[in-house]
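Structure first, then comments.
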Amino acid sequence: MKEITRRKFIATATVATGFALAVQPVSAKVITTDTKGLVAGAVKIPVKDGEIPAYRAQPATGSNFPIVLVIQEIFGVHEHIQDVARRFAKLGYLAIAPELFIRQGDVSKLSSIDEIRPIVAKVPDAQVLSDLDSTVDWAVKSAKGNANKLGITGFCWGGRITWLYAAHNPNVKAGVAWYGRLVGDATELTPKHPVDIASTLKVPVLGLYGGKDTGIPLNTVEQIRDRLKSSSSKSEIIVYPDAPHAFFADYRPSYREKEAKEGWKRLQTWFKQYGV
């Protein structure tokens, strides 16, 4: 994509409406959170090379809200991620989910994971971390966010990013990573993985993983648990023995209500414990 075209594309792109095509049909167990008492919808975040779309939800009244960055799965900022942001807003948070793949493509319009993966594979970690820095700046300057109460949570692809951003930004008070990949090869786009930063991590991250996750081997979960022992972060790993990958995703067959509710409670306790 030529530079000028890309800039124009970023400026005109918007967050998805509804669920991503690749996740149809949507489960009957899907949770829907209304916008009563909230300000919720698409916003534009100024970044280094233009602007990116994001979904923001926050209480309609008040100010100085604690900030939670909500990091997407590979399906983009579709209805499920937007609903999670609204759940946080109902708890008094300013929640914001930026579209972190948008320069590489609009994954919400693709109908298969096989089409999505090559796009996601082109997303550099450095770009993501920079965009999240810009998102925090926007939340503080434009949306009444409290820079001293910053948290992050992410799912699958976003779970991996949660660990990396907690290592990147010392102002993060706490993170909660849901079943993200922990190990991998060092490449130009992905120079480090969560296991590489675990021993020097200072931010407390709670990792929530499924014992029956076929995509994230339990030995890699144990690897990061072991590396965290030498860090000062007070991070913790929880494994739900019977849970598959994406057990929090209420719109998918992988959803496990018991483990999802338990994880959501743990998240809230974790954030409160560490000042988010």
Side-chain angles (χ1 to χ4, degrees), residues 68-75 80-81 84 100 113 117 120-121 123 125 128-129 151-169 172-187 189-250 252-271 273-274 276:
V68 178
L69 299 171
V70 181
I71 314 302
Q72 66 207 63
E73 313 150 302
I74 64 167
F75 306 112
H80 172 63
I81 298 299
V84 171
L100 297 167
I113 289 180
R117 282 199 176 109
V120 176
V123 181
D125 287 345
V128 172
L129 300 177
I152 182 170
T153 192
F155 306 88
C156 186
W157 182 88
R160 174 180 173 274
I161 295 300
T162 297
W163 288 102
L164 297 183
Y165 194 68
H168 165 79
N169 184 351
V172 174
K173 288 288 188 288
V176 178
W178 302 76
Y179 39 79
R181 189 161 59 101
L182 297 168
V183 302
D185 296 328
T187 69
L189 298 183
T190 59
K192 289 188 177 178
H193 296 279
V195 75
D196 302 314
I197 56 85
S199 60
T200 55
L201 189 65
K202 294 181 172 59
V203 172
V205 176
L206 175 65
L208 301 172
Y209 296 88
K212 294 188 175 171
D213 188 333
T214 56
I216 300 167
L218 274 178
N219 69 309
T220 66
V221 178
E222 291 310 316
Q223 237 179 298
I224 198 166
R225 195 200 296 270
D226 192 54
R227 299 247 181 131
L228 287 167
K229 288 175 186 171
S230 58
S231 83
S232 61
S233 67
K234 298 181 180 173
S235 295
E236 290 180 22
I237 299 290
I238 304 289
V239 175
Y240 294 103
D242 299 322
H245 187 73
F247 62 84
F248 188 78
D250 51 69
R252 291 166 74 181
S254 57
Y255 178 58
R256 297 294 182 271
E257 185 177 12
K258 179 172 171 261
E259 288 87 344
K261 286 184 173 177
E262 155 79 5
W264 185 246
K265 277 185 188 168
R266 282 185 183 271
L267 173 148
Q268 292 176 62
T269 302
W270 190 260
F271 278 172
Q273 181 179 344
Y274 291 105
V276 180

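Here CD1 of I71 is found 7.5 Å from CD1 of I161. Values are rounded to the nearest 0.5 Å. Atoms CG and OG1, from D185 and T190 in turn, are 7.5 Å apart once rounded to the nearest 0.5 Å. Separation of atoms CD1 (I197) and OG (S233) is listed at 8.5 Å; rounding is to 0.5 Å. Rounding to the nearest 0.5 Å gives a distance of 5.0 Å between CD of E73 and NE2 of H80. Between the CH2 atom of W157 and the CD atom of Q72 there is a distance of 5.5 Å, given to the nearest 0.5 Å. Once rounded to the nearest 0.5 Å, the distance linking CD of Q273 with CG of L206 reads 9.5 Å.
No side-chain heavy atom of V123 sits less than 4.5 Å from a side-chain heavy atom of L189. Contact check for V68 versus I152: no side-chain heavy atoms found under the 4.5 Å cut-off. In this structure, the side chains of V176 and T162 stay at 4.5 Å or more apart for every pair of heavy atoms. Within the 4.5 Å cutoff, the side chain of D226 has no heavy atoms near those of the E222 side chain.
Between V203 and V172 the shortest heavy-atom distance is CG2-O, 3.3 Å. Closest of all the heavy-atom pairs between I224 and V195 is CD1-N, 4.1 Å. Contact record, S235 with L201: OG-CD2, 3.6 Å, taken as the closest heavy-atom pair.
Not a single side chain to side chain donor-acceptor pair (under 3.5 Å) links R227 to another residue, sequence neighbours left out. Residues passing the side chain to side chain donor-acceptor pair (under 3.5 Å) test with S254: none are found, sequence neighbours excluded. Take Y274 and apply the ring pair (Phe, Tyr, Trp, His ring centres under 6.0 Å) test, not counting sequence neighbours, and it matches W270.
Results of the side-chain hydrogen bond (donor to acceptor under 3.5 Å, both in side chains) test with E262 over K258, K265, R266 single out R266 as the only residue that passes.
Applying the side-chain hydrogen bond (donor to acceptor under 3.5 Å, both in side chains) rule to pairs touching residues 173-182 yields T153-W178, sequence neighbours excluded. For residues 193-206, the side-chain hydrogen bond (donor to acceptor under 3.5 Å, both in side chains) pairs, not counting sequence neighbours, are R160-H193.
Remark: aromatic rings of F247 and Y240 are close, center separation under 6.0 Å.
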Would you mind writing out the side-chain donor-acceptor pairs for residues 207-217 within the sub-3.5 Å range, not counting sequence neighbours?
| from | atom 1 | to | atom 2 | distance (Å) |
| --- | --- | --- | --- | --- |
| Y209 | OH | W163 | NE1 | 3.0 |
| D213 | OD1 | G215 | N | 2.8 |
| D213 | OD1 | I216 | N | 3.2 |
| D213 | OD1 | H245 | ND1 | 3.4 |
| D213 | OD2 | H245 | ND1 | 2.7 |

Check against side chain to side chain contact (heavy atoms under 4.5 Å, CB included), E257 and D250 | CA-CA 8 Å; E257 185 177 12; D250 51 69; over 6 Å; no
